[in-house]
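All remarks here apply to the structure that follows.
Indexing begins at 1, ligand by ligand and atom by atom, following the structure's order. Treat the numbers as computed from the prediction; the structure is a model and nothing was measured.
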Amino acid sequence: MPLLHHVLLGFLLILLYLRTPTSSTATDTVSPGRALVGSDRLVSNNSKFALGFFKPGNESYTNHNSYLGIWFNKVPKLTPLWTANGNNPVVDPTSPELAISSDGNLAILDHATKSIIWSTHANITTKDTIAILLNNGNLVLRSSSNSSIIFWQSFDYLTDTLFPGAKIGWDKVTGLNRRLVSRKNSIDQAPGIYSLELGLNGDGHLLWNSTIAYWSSGQWNSRYFGLTPEMTGTLMPNFTFVHNDQEVWWNNETAIMHAGIDVFGRGLVATWLEESQEWLIYYRQPEVHCDVYAICGPFTICDDNKDPFCNCMKGFYVRSPKDWELDDRTGGCIRNTPLSCGSRTDRTGLTDKFYPVQSIRLPHTAENANVATSADECSQACLSNCSCTAYSYGKGGCSVWHDELYNVKQLSDSSSDGNGGVLYIRLAARELQSLEMKKSGKITGVAIGASTDFGMAKILGREFSRAMTTMRGTIGYLAPEWISGTVVTSKVDVYSYGMVLFEIISGRRNSSHENFRDGDYSFFFPMQAARKLLDGDVGSLVDASLEGGVNLVEVERACKIACWCIQDNEFDRPTMGEVVQSLEGLLELDMPPLPRLLNAITGGSHPVTPQYFDSL
Ligand SMILES: *[C@@H]1O[C@H](CO)[C@@H](O)[C@H](O)[C@H]1NC(C)=O
Ligand SMILES: *[C@@H]1O[C@H](CO)[C@@H](O)[C@H](O)[C@H]1NC(C)=O
Ligand SMILES: *[C@@H]1O[C@H](CO)[C@@H](O)[C@H](O)[C@H]1NC(C)=O
Ligand SMILES: *[C@@H]1O[C@H](CO)[C@@H](O)[C@H](O)[C@H]1NC(C)=O
Ligand SMILES: *[C@@H]1O[C@H](CO)[C@@H](O)[C@H](O)[C@H]1NC(C)=O
Ligand SMILES: *[C@@H]1O[C@H](CO)[C@@H](O)[C@H](O)[C@H]1NC(C)=O
Ligand SMILES: *[C@@H]1O[C@H](CO)[C@@H](O)[C@H](O)[C@H]1NC(C)=O
Ligand SMILES: *[C@@H]1O[C@H](CO)[C@@H](O)[C@H](O)[C@H]1NC(C)=O
Ligand SMILES: *[C@@H]1O[C@H](CO)[C@@H](O)[C@H](O)[C@H]1NC(C)=O
């Protein structure tokens with residue numbers, strides 16, 4: 001079950017690392033004679049909201065751009081609620097100025113270039129305009145003599161946050177669609193690809209690229225939105241929905257302090273906690289990152305149980321590491337090696353190949369290739385079309401995907417409930433070969449052969465058979481079911497393979513007899529290895545003859561696999577296929593428990609009794 005599943009009423013805190021400009025003057029008005037410069041701020045008359053120039057980010061993460069924004073005056077963790085010039089930041093070191101320009105509009109002036117980089121662009125009909133930051137956080141450009149004549153207001157141009165009292169939805173008369181748009185990343189305030197919009201029926205949607213909805217509120221039924229009854233009651237006490245000839249909109253006067261859409265495309269409602277000085281997010285949809293459409297971009301695998309939750313598929317690399325680091329992963333990944341495509345062959349003389357990813361929620365953009373009636377035909381169907389990038393063969397027959405692959409989500413074993421599929425990703429043959437070489441840490445290289453082409457034949461090849469013949473019959477290398485006399489399956493070989501893998505790791509091919517000398521098994525290598533593994537100290541195990549040239553990550557992986565192989569209960573052991581995938585790094589294994597029987601034999605706390613075998 002995903003960690004964030006119960007987040008709805010859980011207590012998650014957002015930490016926004018933004019610099020709060022130092023406070024200085026406290027007026028709420030910009031007028032022709034009175035501009036706002038540098039670190040000056042407007043503060044609403046009730047002291048609730050502030051407006052000024054701010055630089056997102058911190059010392060290590062900043063691009064030195066300034067934006068004009070509105071934030072809560074009393075919240076020290078600067079949280080921009082509205083941004084004027086997201087697309088046109090002020091670039092240091094020029095000192096920006098907010099002023100009433102000669103045409104009566106409110107504008108940001110860049111002193112270095114003497115140009116206007118942002119303006120309200122309203123049709124002004126009087127000569128006496130002023131801009132006021134109102135008590136509800138609305139920045140209003142109006143006639144100074146008549147407060148009813150409003151030319152422009154920030155509430156009509158919300159960014160990513162819904163203000164208490166502001167409207168979201170359609171003005172059917174002017175055609176204005178007031179919507180919330182995510183910011184590009186954690187420091188770039190330009191509009192991102194996600195938005196929160198209201199349909200003409202008043203149903204709320206989270207959208208990707210304004211087109212694809214990945215969350216819907218359901219319709220308003222006079223008390224709450226059909227699909228989200230939790231949005232009433234104490235969460236949103238005074239939530240209003242208006243639907244008439246002129247308008248469709250939500251929300252006028254509510255207790256919400258901060259509601260909007262974050263850089264990851266998730267809707268949120270948060271309140272500021274005075275005591276802990278943190279935002280408490282008490283409503284969030286979708287509940288997990290991986291349910292946001294295309295959150296990781298193309299050719300990635302999204303896994304909510306991993307940090308970071310976006311990772312490139314094998315054979316691909318991050319398109320824009322800079323954006324990636326700043327929480328914008330929507331650019332996704334691109335191929336290391338182009339596909340050779342179709343029946344043509346590349347320089348290595350090979351066509352493209354596939355590698356499997358297990359327990360996947362398959363992307364829903366599949367096309368059926370019903371002509372294919374076997375997994376093999378399915379793979380051929382994909383290979384025969386240059387634009388095909390993946391296939392899956394299962395209950396629904398043969399599915400193929402074309403072009404960029406989005407929304408590939410890793411399911412955990414417990415959450416998949418058998419619904420997960422195996423997705424076969426198409427890669428250049430050359431790419432698969434180089435993947436193989438990359439993970440050639442010596443341990444793995446030895447263990448799977450240099451050519452514990454892939455394939456069972458090679459793995460169970462000459463070298464392994466020879467080792468197996470030698471080892472069989474030696475106590476410790478026999479799976480418990482041999483001894484107990486229960487049904488023997490192929491998992492017996494998995495057990496022995498695990499033992500051989502330990503031999504390879506230790507480099508002590510001949511030492512087994514020494515280990516068992518005089519019945520003293522305390523130095524039995526596999527148990528030493530299992531204990532070191534659990535202690536996080538596999539480094540001390542490594543074959544001295546391999547010297548420094550050993551990748552400890554590979555050693556740990558090999559130890560993990562070997563330790564799983566020698567579990568007492570055959571059902572706990574991996575299959576040979578899983579062993580191979582793990583060695584290839586395609587399958588991640590959890591930390592294994594200590595094998596009980598071996599632990600007992602080699603001086604663990606529990607003596608081995610004949611009854612022990614009966615319990616297996
Ligand atoms: C600002 O607030 C004070 C009281 O806090 C009030 O006396 C004053 O009239 C307010 N000014 C405006 C322009 O609303
Ligand atoms: C700066 O911001 C980045 C991105 O939000 C964050 O990962 C990092 O921890 C922050 N550094 C400090 C010193 O706060
Ligand atoms: C200003 O007026 C022009 C001409 O009437 C119109 O096309 C334009 O949309 C108006 N601009 C705004 C911001 O209302
Ligand atoms: C202010 O403007 C409104 C709307 O144009 C108008 O109805 C009202 O009469 C004006 N008030 C004054 C005092 O001019
Ligand atoms: C978003 O939509 C626009 C226009 O519909 C399109 O040109 C653009 O390529 C789309 N962006 C992505 C990332 O698909
Ligand atoms: C909130 O909505 C109600 C009903 O539409 C309206 O009477 C009230 O004036 C609104 N309040 C604000 C602050 O807009
Ligand atoms: C909800 O609205 C009522 C009536 O306008 C008001 O008295 C109450 O304080 C509001 N509750 C919240 C939490 O804003
Ligand atoms: C490959 O598949 C795409 C998508 O189904 C299709 O449009 C295209 O015609 C196919 N190309 C060939 C050569 O079959
Ligand atoms: C294994 O033992 C044999 C015989 O004792 C010896 O000749 C051989 O060198 C040993 N091999 C290793 C790898 O120690």
Side-chain angles (χ1 to χ4, degrees), residues 25-31 34 41-51 73-74 87 130-148 150 165 177 179 181-185 188 190-195 197 205-214 263-265 292-300 310 318-320 323-324 328-334 339-344 351-352 363-372 377-392 397-408 426:
T25 54
T27 172
D28 60 2
T29 306
V30 171
S31 55
R34 179 165 192 156
R41 296 192 294 166
L42 297 189
V43 175
S44 60
N45 194 37
N46 62 0
S47 297
K48 189 171 177 186
F49 295 96
L51 174 144
N73 188 39
K74 288 175 180 162
N87 276 321
I130 56 169
I132 302 184
L133 181 61
L134 302 181
N135 284 341
N136 58 4
N138 193 9
L139 178 66
V140 168
L141 181 69
R142 67 166 172 85
S143 156
S144 66
S145 54
N146 186 338
S147 62
S148 317
I150 293 175
N177 178 17
R179 59 195 201 124
V181 180
S182 65
R183 298 298 93 187
K184 189 162 186 326
N185 63 41
D188 188 342
I193 203 159
Y194 298 104
S195 57
E197 302 186 13
H205 302 282
L206 287 171
L207 300 176
W208 176 83
N209 204 19
S210 299
T211 47
I212 295 176
Y214 54 93
V263 291
F264 299 113
V292 173
Y293 188 88
I295 181 66
C296 299
F299 298 118
T300 51
C310 293
V318 174
R319 187 192 299 265
S320 171
D323 287 331
W324 196 268
D328 174 13
R329 321 244 157 93
T330 56
C333 303
I334 46 185
L339 293 177
S340 66
C341 187
S343 57
R344 279 181 288 129
T351 60
D352 300 327
H364 41 260
T365 52
E367 285 176 33
N368 281 329
N370 289 328
V371 283
E377 284 176 23
C378 192
S379 106
Q380 286 307 319
C382 185
L383 280 180
S384 69
N385 187 320
C386 287
S387 71
C388 182
T389 45
Y391 78 89
S392 181
C398 176
S399 304
V400 294
W401 285 265
H402 292 273
D403 306 314
E404 297 191 311
L405 277 176
Y406 285 94
N407 299 303
V408 177
R426 183 176 184 172

Only one of L133, V140, N138 clears side-chain contact (heavy atoms from CB on, under 4.5 Å) with N136; which?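 By the side-chain contact (heavy atoms from CB on, under 4.5 Å) criterion, N136 pairs with just one of L133, V140, N138: N138.
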Under a 3.5 Å threshold, I'd like every N/O contact between ligand 5 and protein atoms, with atom names and distance.
unit_1, atom_1, unit_2, atom_2, d
ligand 5, 2 (O), N209, OD1, 3.4
ligand 5, 2 (O), N209, ND2, 2.3
ligand 5, 11 (N), N209, ND2, 2.8

For [X], which residues count as a salt bridge (charged side-chain N to carboxylate O under 4.0 Å, His left out) partner, sequence neighbours excluded?
X: D28; value: none
X: R183; value: none
X: R319; value: E404

Proximity of Y406 and F299 rings by center, below 6.0 Å: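 No, the ring of Y406 stays outside the 6.0 Å limit from the ring of F299, centre to centre.
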Are any non-hydrogen side-chain atoms of N370 and C398 less than 4.5 angstrom apart?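 No, side chains not in contact.
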